[in-house]
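What you see is a predicted model, and the numbers here were worked out from it, not measured in a lab.
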Amino acid sequence: MQQIALDIGLSAGPTVANFFAGPNEAALKHLELWIGAKSSAQARSPVPTYFWGPEGSGKSHLLKAAREALREQGARVGWLDAAVLEPAEFDEGWAAVLMDDVHLYTAEQQHMAFNWFVNAQTHQRPVLAAGELAPVELKLRDDLRTRLGWGHVFGLHALSEPERRAVLRQAADARGVFLSDEVMDFMLNRFSRDLGSLMELLELMDGYALQTQRAITIPMIKAMLDNQ
């Protein structure tokens with residue numbers, strides 16, 4: 001059965017609070033301690049952190065959660081992902097450097113990422129990075145690949161289906177929404193299985209159900225999609 005990928009993000013934004021760790025508890029605890037450090041850049045350890053794992057394992061969620069947490073503290077950060085075609089020069093005012101989807105970087109992005117890394121080390125700024133592959137397997141220039149792997153490295157795992165079901169059930173209960181097993185099966189079999197998309201789908205379903213005064217059923221979901 002073909003799955004429908006929802007090209008939408010979490011409306012509430014990725015945060016540490018809405019990250020369900022599952023098998024990735026060690027990575028979450030590490031990030032919580034990192035974010036909880038004093039807000040001055042010099043207070044955080046300059047040792048880099050690298051998260052890696054398959055799509056849907058939560059690595060980008062953790063990086064974006066860190067970015068938002070630093071912004072809430074009034075800090076500015078350098079952000080680089082594969083969609084940033086013209087990366088900015090390193091800014092000494094940045095509290096940290098965050099680099100996502102490093103496995104997709106072009107030669108120019110790799111050059112700038114290495115430049116950021118060197119400057120971050122010089123100015124004692126921490127680096128958080130993420131990619132789909134372990135450092136040793138990254139098809140990147142050697143000087144960047146080795147730097148990504150010399151600090152804290154956490155391999156992340158996608159949630160199992162029972163864990164995704166548990167998260168959906170918990171989120172639905174918090175909203176006062178009943179999800180039947182039939183609806184849950186439909187969600188998991190017909191839509192993108194990454195947790196962010198599933199949580200956004202739940203929010204859309206809840207809003208549509210309230211608007212139309214209907215219970216959440218498979219026909220209701222299909223009607224909602226037809227009206228998108």
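Here the side chain of Gln109 pairs a donor or acceptor atom with the backbone of Ala82 at under 3.5 angstrom. Without hydrogens or angle criteria, Gln73 side chain to Ile35 main chain gives a donor-acceptor distance under 3.5 Å. Under a 3.5 Å cut-off, the side chain of His152 and the backbone N or O of Tyr50 do not form any donor-acceptor pair. A distance-only check finds a donor-acceptor pair linking the side chain of Arg169 to the backbone of Leu179 [under 3.5 Å]. Side-chain N or O atoms of His157 include none that pairs as donor or acceptor with a backbone N or O of Pro23 at under 3.5 Å. The closest donor-acceptor contact from the side chain of Gln110 to the backbone of Tyr105 lies under 3.5 Å. Looking only at distances, no side-chain donor or acceptor of Glu25 sits under 3.5 Å from a matching main-chain atom of Gly22. A donor-acceptor contact shorter than 3.5 Å links the side chain of Trp116 to the backbone of Ala88. Under the 3.5 Å distance criterion, the side-chain polar atoms of Lys59 are matched with a main-chain donor or acceptor of Pro54.
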Item to complete: Walk me through it: do Arg145 and Lys139 pass the test side-chain contact (heavy atoms from CB on, under 4.5 Å)?
Response: CA-CA 8 Å; Arg145 177 175 52 79; Lys139 307 301 182 184; over 6 Å; no
Worksheet entry | Val167 vs Glu163, side-chain contact (heavy atoms from CB on, under 4.5 Å): CA-CA, chis, key distance, verdict | CA-CA 6 Å; Val167 175; Glu163 288 169 332; 5.5 Å; no
Practice prompt. Determine, step by step, whether Asn119 and Trp94 satisfy the side-chain contact (heavy atoms from CB on, under 4.5 Å) criterion, reporting the C-alpha distance in whole Å, the side-chain angles of both residues, the deciding distance to 0.1 Å, and the verdict.
Written response: CA-CA 11 Å; Asn119 276 284; Trp94 290 343; over 6 Å; no
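Between Pro46 and Gln124, the closest heavy-atom pair is CG-OE1, 3.4 Å. Counting all heavy atoms, side chain and backbone alike, Ala120 lies closest to Val127 at CB-CG2, 3.7 Å. The shortest heavy-atom contact between Met199 and Ala171 is CE-CB, 3.3 Å. In this structure, Leu128 and Leu63 approach most closely via the heavy-atom pair O-CD2, 4.1 Å. Shortest non-hydrogen contact noted between His103 and Gly131 is ND1-CA, 3.6 Å. Of all heavy-atom pairs spanning Ala95 and Pro126, the tightest one is O-CD, 3.3 Å.
Between His123 and Phe90, the angle of the ring planes stays under 30°, which puts this pair in the parallel group of the 30/60° scheme.
Hydrophobic clustering of Ile, Leu, Val, Met, Phe, Trp and Tyr side chains at less than 4.5 Å, counting indirect connections, unites Val47 with Phe117. Ile218 and Leu188 fall within a single hydrophobic cluster, where Ile, Leu, Val, Met, Phe, Trp and Tyr are joined by side-chain heavy atoms under 4.5 Å apart, directly or via other members. Hydrophobic clustering (ILVMFWY, side-chain heavy atoms < 4.5 Å, transitive): Leu168 and Phe178 are in distinct clusters. In the hydrophobic clustering of ILVMFWY residues, with side-chain heavy atoms under 4.5 Å counting as a link, Val77 and Phe114 come out apart. In this structure, Trp150 is a member of the same hydrophobic cluster as Val102, with clusters built from ILVMFWY side-chain heavy atoms closer than 4.5 Å.
Side-chain atoms of Leu225 and Tyr208, non-hydrogen and from C-beta on, never get closer than 4.5 Å to each other. Inter-residue side-chain proximity for Leu201 and Met224 is flagged as met; some heavy-atom pair is nearer than 4.5 Å. When side chains are defined from C-beta on, Leu202 counts as touching Arg175, because their heavy atoms get closer than 4.5 Å. Between Leu156 and Leu62, some side-chain heavy-atom pair lies under the 4.5 Å cut-off. With a 4.5 Å cut-off on side-chain heavy atoms, Phe186 and Lys222 count as touching. The side-chain heavy atoms of Phe19 and Leu31, taken from C-beta on, include no pair separated by under 4.5 Å. Looking only at side-chain heavy atoms (C-beta outward), Arg147 and Asp143 come within less than 4.5 Å of each other. Proximity of Lys29 to Leu33: side-chain heavy atoms (C-beta onward) are nowhere separated by under 4.5 Å.
Note that CZ of Arg214 and CE of Met205 are 12.0 Å apart. Values are rounded to the nearest 0.5 Å. Atom CD1 of residue Ile216 and atom CG of residue Asp206 lie 5.5 Å apart, to the nearest 0.5 angstrom. Atoms CG and CG, from Leu104 and Leu138 in turn, are 10.5 Å apart once rounded to the nearest 0.5 Å. Note: Asp142 CG to Thr146 OG1 = 7.0 Å, rounded to the nearest 0.5 Å. To the nearest 0.5 angstrom, Arg76 atom CZ is 12.0 Å from Leu70 atom CG. Atom CH2 of Trp79 sits about 8.5 Å away from atom CZ of Arg71, to the nearest 0.5 Å.
Ionic pairing of Glu92 and Arg125 is not present here: no N-O contact between side-chain nitrogen and carboxylate oxygen is shorter than 4.0 angstrom. Salt bridge annotation for Glu161-Arg165: present, with a cationic side-chain nitrogen under 4.0 angstrom from a carboxylate oxygen.
Every residue was checked against the salt bridge (charged side-chain N to carboxylate O under 4.0 Å, His left out) condition with Glu108, not counting sequence neighbours, and none meets it.
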